[in-house]
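Okay, so here's the structure we're looking at.
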Amino acid sequence: MAVNKKDTLDPREYSRQVVEGTTRAPARAMLRAVGFQDGDFAKPQVGIASTWANVTPCNMHIGELAREAAQGADAAGGKSVLFNTITVSDGISMGSPGMRYSLVSREVIADSIETVVGAEGFDGFVAIGGCDKNMPGCAMAMARLNRPAVFVYGGTIRPGAKRRDIVTVFEAVGARAAGKISDGELLEVERTAIPGPGSCGGMYTANTMASAIEALGLSLPGSSAQEAVSAEKAADCRRAGEAVVQLIRAGLRPRDILTRKSFENAITVAIALGGSTNVVLHLLAIAHEARVRLALEDFTRIGRRVPVLADLKPSGRYLMSELVAIGGIQPLMKRLLEGGLLHGDCLTVTGRTVAENLAAATDYPPGQDIVRPLADPLRKDSHLVILHGNLASEGAVAKITGKEGERFTGPARVFDGEERATQAILAGRVRPGEVIVIRNEGPKGGPGMREMLSPTGAIVGRGLGDKVALITDGRFSGGSHGFVVGHIAPEAAVGGPIGLLRNGDRITIDARKRQLQVELSAAELRRRRAAWKPRKFPPAGVLAKYAHLVGSAARGAVTAVTPPRSSSR
């Protein structure tokens, strides 16, 4: 590690306050019971934040990875302490009321890591995440705490039989409803799609966020592109444990790494990979915690010059494990750097810059067609299109690969909630040419901003993927594809125009003009708003707390109680 930072901190800046001196004898006594020896009190303490749980294949192996990271920290002269935070499964809860807790879990994870690291006085930490919300939650905690830290991705799942994955199953449900496959064929898909540990296998939200976090500089090079069950992933964890001890001694903190330019790098890599719309929501949230100015307009500005290069699912042909096999994202980042699309001077957790890390990267093998050259992209600009208009004055996020077309006009088919829309799609009551509207699924209105993989999977499975559009104040799984627009803000629950729509209203989505419009006059929208009544929120519990605190999706749907400190870093 080549760190030249001069204002190095005391490597025991935080743990010293917990374990040093006569009055701290009770704390030392407690720590002896969990394995501390005399010499350990003189070492920097490294928390290992594990998201292990047996509730999802994405995280079922992370307990083993956490132990590898702990060994790395101990070998480097630190004293590791393992602790857990929660995880929930998007894939399991998708399409059910339980999905309301998914985005909420991002905040719970960030809060819980902050709570444990702050309470126990850890000098630094490693955070290991697998499922979608683990990763931004971990990164948010890193930015918020600003103690030396490294993020480790738990790794991608291997393909199921016939290159299947979880999206295959969702789309098979739609195919069964359309009579294209039998019950037996659906069962066979269900039994063979998920072969073991690891995050969902396309360039869905998990792999997108892992790649973006590596591009931010918070992970070691290569961490985002490794299979969950592999020697490379175990070694990555040990190196992360070692690295955080070196970061503690060098005084290199997350906010030294998280600058405006590093966020631009993350956006660039996510676009080049054809990543999930959720990357917009999560990068805005991480930037909020890092006190870096980032807005929807930055995605538009960067998207105008960054092409889509990777032919990855859901809209492409290949799985993440196939990208791993040809070298992962390091060759892609080197290609972007050489093309003048990355900031090479950004610091990373290696203590070196992006350019220094990429100096050792090799190009992809000849003949591969997973990642295209800059001169021959799949799409010359971003597939993540930020829309504005009288339906989205604060903004909305569309995922337009070009295969769907770039303009869609049709009559609204309005549904209050995801379940009603999915039932109508599966029953064949949605017609070609319609714009499906799913509302009251925003951060406050859901509450929790559910992902819409069930309706989009049903749309594709029924053969309507290029025949209908879908707009929502909710959001989409990284596995969703088709003509879809989410994150519409202001949302229905706060009186946004999406909450005023009626069946038959003509809606136009124009990706080229970046507009989302309904053919209603301002006077008609005012008349409808005057008659609008807000829905009641949950009476108690975490969803009620979330609905009370959460802000607009256009600003990352964070639960901030005070405005962030502004910064132009």
Side-chain angles (χ1 to χ4, degrees), residues 53-62 87-102 105 130-134 154-208 227-229 276 278 312-322 418-428 430 450-465 470 476-482 484:
N54 209 33
V55 302
T56 170
C58 306
N59 294 63
M60 61 189 286
H61 63 302
I62 286 179
T87 189
V88 300
S89 171
D90 292 3
I92 295 170
S93 63
M94 193 77 69
S96 79
M99 188 64 194
R100 293 191 172 95
Y101 291 89
S102 172
S105 76
C131 203
D132 295 9
K133 308 310 164 296
N134 301 166
T156 189
I157 197 170
R158 290 173 176 165
K162 300 179 182 178
R163 300 178 66 249
R164 290 171 176 151
D165 64 0
I166 186 62
V167 175
T168 311
V169 189
F170 278 95
E171 293 179 359
V173 172
R176 178 66 194 93
K180 297 177 181 179
I181 62 173
S182 67
D183 286 339
E185 288 170 315
L186 175 59
L187 181 60
E188 195 263 336
V189 171
E190 173 191 327
R191 285 174 169 169
T192 60
I194 312 296
S199 298
C200 298
M203 190 46 64
Y204 312 144
T205 303
N207 282 314
T208 300
E227 289 186 336
V229 182
S276 166
N278 282 315
L312 297 168
K313 289 190 173 188
S315 56
R317 295 175 292 165
Y318 293 100
L319 290 162
M320 187 66 182
S321 60
E322 292 165 318
E418 176 188 0
E419 286 85 354
R420 292 178 182 179
T422 303
Q423 290 166 8
I425 296 163
L426 291 174
V430 170
R450 288 193 289 179
E451 293 180 345
M452 302 291 142
L453 184 55
S454 291
T456 60
I459 286 168
V460 173
R462 287 200 67 96
L464 294 170
L470 189 158
F476 295 105
S477 162
S480 293
H481 58 112
V484 296

For S276, the side-chain contact (heavy atoms from CB on, under 4.5 Å) test, sequence neighbours excluded, returns T205, T208, N278

Does the D90 side chain pair with the main chain of S102, one donor and one acceptor, at a distance under 3.5 Å?
-> no

Sequence-distant partners of T87, side chain to side chain donor-acceptor pair (under 3.5 Å), two or more places apart = N134

Under the side chain to side chain donor-acceptor pair (under 3.5 Å) test, residues paired with Y101 that sit two or more places apart = none

Partners passing salt bridge (charged side-chain N to carboxylate O under 4.0 Å, His left out) against E185 (at least two apart in sequence or in another chain) | none

Qualifying residues under side-chain contact (heavy atoms from CB on, under 4.5 Å), relative to A178, sequence neighbours excluded | K180, R462

Show your working on side-chain contact (heavy atoms from CB on, under 4.5 Å) between V167 and K313 and close with a plain yes or no.
-> CA-CA 9 Å; V167 175; K313 289 190 173 188; over 6 Å; no

Nearest heavy-atom approach of E419 to G95 is OE2-O, 4.0 Å

Shortest non-hydrogen contact between S199 and G130, atoms and distance | OG-O, 2.6 Å

Rounded to the nearest 0.5 Å, how far apart are SG of C200 and CG of N207?
-> 8.5 Å

Taking N59 for the side chain and A53 for the main chain, is one N or O donor matched with an acceptor at less than 3.5 Å?
-> no

Taken in chain and number order and not counting sequence neighbours, the residues that satisfy salt bridge (charged side-chain N to carboxylate O under 4.0 Å, His left out) with E418 are R450

Not counting sequence neighbours, list each pair that qualifies as a salt bridge (charged side-chain N to carboxylate O under 4.0 Å, His left out) and has a residue in residues 165-178.
-> R176-D183

Check L319 against E322 and note the closest heavy-atom contact, atom names and distance.
-> N-OE1, 2.7 Å

Sorted by chain and number, sequence neighbours left out, side chain to side chain donor-acceptor pair (under 3.5 Å) with Q423 holds for none

Does the pair I166 and I194 meet the rule for a side-chain contact (heavy atoms from CB on, under 4.5 Å), with working shown?
-> CA-CA 7 Å; I166 186 62; I194 312 296; 4.0 Å; yes

Separation between CG (L464) and CD1 (I459), nearest 0.5 Å, reads 7.0 Å

side-chain contact (heavy atoms from CB on, under 4.5 Å) filter on S89, not counting sequence neighbours, yields T56, I92

Nearest heavy atoms of Y318 and R163, plus distance in Å = CA-NH2, 3.6 Å

Evaluate the criterion side-chain contact (heavy atoms from CB on, under 4.5 Å) for residue pair R158 and S321; output intermediate values, then yes/no.
-> CA-CA 6 Å; R158 290 173 176 165; S321 60; 5.5 Å; no

One should read off an interatomic distance between E451 CD and S480 OG, to the nearest 0.5 angstrom, of 7.5 Å

With L187 via side-chain contact (heavy atoms from CB on, under 4.5 Å) - residues at least two apart = E190, R191

Across all chains, not counting sequence neighbours, the salt bridge (charged side-chain N to carboxylate O under 4.0 Å, His left out) partners of D132 are none

Donor-acceptor pair, side chain of T192 and main chain of G160, under 3.5 angstrom = no

With R100, which residues qualify under salt bridge (charged side-chain N to carboxylate O under 4.0 Å, His left out), at least two apart?
-> none

S93 versus G98, closest heavy-atom pair with distance | CB-C, 3.8 Å

Looking only at heavy atoms, which two atoms of I425 and A458 are closest? And how far apart?
-> CG2-CB, 3.7 Å

